[in-house]
Peer 1: 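The structure follows.
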There are 2 protein chains.
Amino acid sequence: MAVTLKDIAKKVGVHPSTVSRVLSGKYDNFNVSEKTRKLIFETVKKFNYSPNEMARNLRLQKTQTIGLIIPDILNPFYAGMARSLGIECEKKDYSFIICNTDEIQEKEINFIQMLKRRRIEGLVITPVQDSKDHFEELIEENFPFVLASRYFDDFETNAVVTDDYNDVFKAVEYLIKLGHSRIGFIRGRKASSAIQDREKGYKGALAKYNMQIDQDLIVGNGCTIEGGYKATKEILNLPEKPTALLVSANVIVVGALEAIFEAGLSVPDDVSVVGFTNMKSTPYLSYPLTSISQPIGQLGKRAFDLLFQHIQSPDEHKYKKIILPSKFSIGKSTQKALGS
Amino acid sequence: MAVTLKDIAKKVGVHPSTVSRVLSGKYDNFNVSEKTRKLIFETVKKFNYSPNEMARNLRLQKTQTIGLIIPDILNPFYAGMARSLGIECEKKDYSFIICNTDEIQEKEINFIQMLKRRRIEGLVITPVQDSKDHFEELIEENFPFVLASRYFDDFETNAVVTDDYNDVFKAVEYLIKLGHSRIGFIRGRKASSAIQDREKGYKGALAKYNMQIDQDLIVGNGCTIEGGYKATKEILNLPEKPTALLVSANVIVVGALEAIFEAGLSVPDDVSVVGFTNMKSTPYLSYPLTSISQPIGQLGKRAFDLLFQHIQSPDEHKYKKIILPSKFSIGKSTQKALGS
DNA sequence: TGTTGTCAATAAATCGATTTAGGAAAAGGT
DNA sequence: ACCTTTTCCTAAATCGATTTATTGACAACA
């Protein structure tokens, strides 16, 4: 169907290898006469020849393709990562294949298998973290991959994460300084290392100020709107309501606010809220949210950089864990606690 | 490096073709002894053999891959499309490669070239619509593609779009019936057929009620937050302010609201707003937005269906244009015009 | 005994490029 | 006139699968 290198060779009257060498450009002005080169280029143009990458890939053992496995592209956090990864890919002439796990471990494992069959050269992944054996396998094979936004304690890998412990620590400290003493923690997916670190940061801040950790104030599991809604509803039904909430992930914020408004409470008068944001596409309020905004673009970029490095020099690469700080921005969803 | 079919064949002591035939499963229980089959399967498992798709692709002239070219994955509208396309792809064992054009025509053209080199089997695309020659080329070649959310008047293609004219018509009619007589239209990208149809719907509704079309009330170009912000600011500076706004795309809503709040106006008391939404990840207000919500999931699904059909039967396929209705949902961002 | 048929497996071409080694012809040197 | 060098190009292997045609062995049948 499509015109091949062989076809071009025949038209020009030379051997396919000659055409290949001319087009590769590696032997520039060398070993091929100017006349032949011209003729080849003309013919290529005339027949609109475009090389078959499948064939090149096979021969060169390269696909110029990486995989991106994330929980859900609908989550603007991951969309942002995908975006910036895409930009980096483009620069290096790579493409990427996106797979959504929906936080289902089995899907993740299958996707990895599938992508390996497709001979992707590397993988950026936000792991489900319900199991991890498959990563040890990847490490054994020295298969290039980078964990994004989550990491494993147990073994060394490439990883790019945010400074979750400190990010939340500071935010909670801020709430404490506003005089809040009952601060709720709306939790995301328990299994996620990021969420775990945020919970630790929350506890760490409370501990610093000698405040009791009340397990009733730590609720929720899962990074969904519904999860945030239910958890917040639960926490607002406590006999002793919290006066402030730390919402530990971006999507959850939407559910949390829903629950707050539904309970007839207002922000920040009845309850102060600190959330996670990323860029402007996240929940928009008639007032800006006090929030921890993560450097998503950087996350994608740095992940690609690490991955690319591993791909380029598979033998002499070193695993790196990059920790990126977030920005804490004070909006209008927080205020001093009543009576303080 | 990786273990190949040949390696397996050697281990088992048979010819590669035998291994291939066993693994393909096409010659089930036939022409290969039970003993050999078992041995092959065992060896495959033992050495963790996974077929090289590059090689298969080349031989079979299939990549099981399609392309998705969209303006921006960060826009939840396109993220939603990508999501549902992904789900459909998975069912049919396809993968997809996402490319963001940022509404830059040149990028679109380059991406198409690149994807064709990679021998993707088909393309779902939301075209930039600054030019269109390259699509006529695709049609000539009978290359499978589906336009999503935008279409071309000039020639027949596969396309899945929303019912933009009627969707906006009804929304504007609703505003008129609330007594609004100065209704602003915050426009998205002029070049987009979807936006054009929405503008027509706006004008059509006004015409139906014998209302003058005031060009000052039609502002903006470009589907960005900034665009929406500037356009809205402009319209709010008119000597005779509009009492209602029809915001013609989802991202723009954020900018429009920003401008409204900045001007010290409130919604819906000072100005009623109808926007475009899709699912819950769009701008969240302390009140729900009156909005036209588009069936994004359907859009992705139907686009894949059309594309798959074309891929499966390239010769007997027929171009189809599918028009999907949106849902108009009345929230709290609209109310009766003052004095009516 | 010779023919036919079945079963199990192989040989070799193929997909479309790249690349190493080499070869023929022209140019250059003495 | 002969050897060397350079220039220009070709041959053929290769990447890792799939598939069509074919072969060899053995049993069945007349």
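Just so you know, these numbers use all the heavy atoms, side chains as well, and skip hydrogens, waters and symmetry mates. Proteins come first, then strands; the chains are lettered A, B, ... in the order of their sequence lines, and each starts at number 1.
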Peer 1: Verify the contact: side-chain N or O of A:Lys26 to OP1 or OP2 of C:dT19, cut-off strictly under 4.0 Å; return yes or no.
Peer 2: yes
Peer 1: Measure the acute angle between the ring planes of A:Phe308 and A:Tyr94, then classify it against the limits of 30° and 60° as parallel, tilted or perpendicular.
Peer 2: perpendicular
Peer 1: When the distance from NZ of B:Lys62 to P of D:dG16 is rounded to whole Å, what number comes out?
Peer 2: 22 Å
Peer 1: Looking at A:Lys62, I want to see if its NZ is surrounded by more than 12 non-hydrogen atoms of other residues, nucleotides or ligands under 6.0 Å.
Peer 2: yes
Peer 1: Rounding to an integer number of Å, can you tell me how far A:Lys35 NZ sits from D:dT7 C1'?
Peer 2: 13 Å
Peer 1: When you check every protein heavy atom under 4.0 Å of nucleotides 9-15 of chain D, what one-letter string (B, S, -) results, 5' to 3'?
Peer 2: BBBBBBB
Peer 1: Between A:Asp7 and A:Lys11, is the salt bridge (Lys or Arg N to Asp or Glu O under 4.0 Å) condition met? List the steps.
Peer 2: CA-CA 6 Å; A:Asp7 298 332; A:Lys11 295 281 175 196; over 6 Å; no
Peer 1: If you count every heavy atom of other residues, nucleotides or ligands that lies below 6.0 Å from B:Arg302 atom CZ, does the total exceed 12?
Peer 2: no
Peer 1: In whole angstrom, give the distance that lies between atom CE of B:Met54 and atom C1' of D:dT18.
Peer 2: 16 Å
Peer 1: Surrounding CD of A:Glu106 (heavy atoms of other residues, nucleotides or ligands, distance under 6.0 Å), is the total greater than 12?
Peer 2: no
Peer 1: Starting at CZ of B:Arg118 and ending at P of C:dG16, how long is that distance when rounded to a whole Å?
Peer 2: 18 Å
Peer 1: Let me know the distance between CD1 of B:Ile40 and C1' of C:dA8, rounded to the nearest Å.
Peer 2: 11 Å
Peer 1: Can we say A:Glu53 and B:Arg119 salt-bridge, meaning some charged N sits less than 4.0 Å from an Asp/Glu carboxylate O?
Peer 2: no
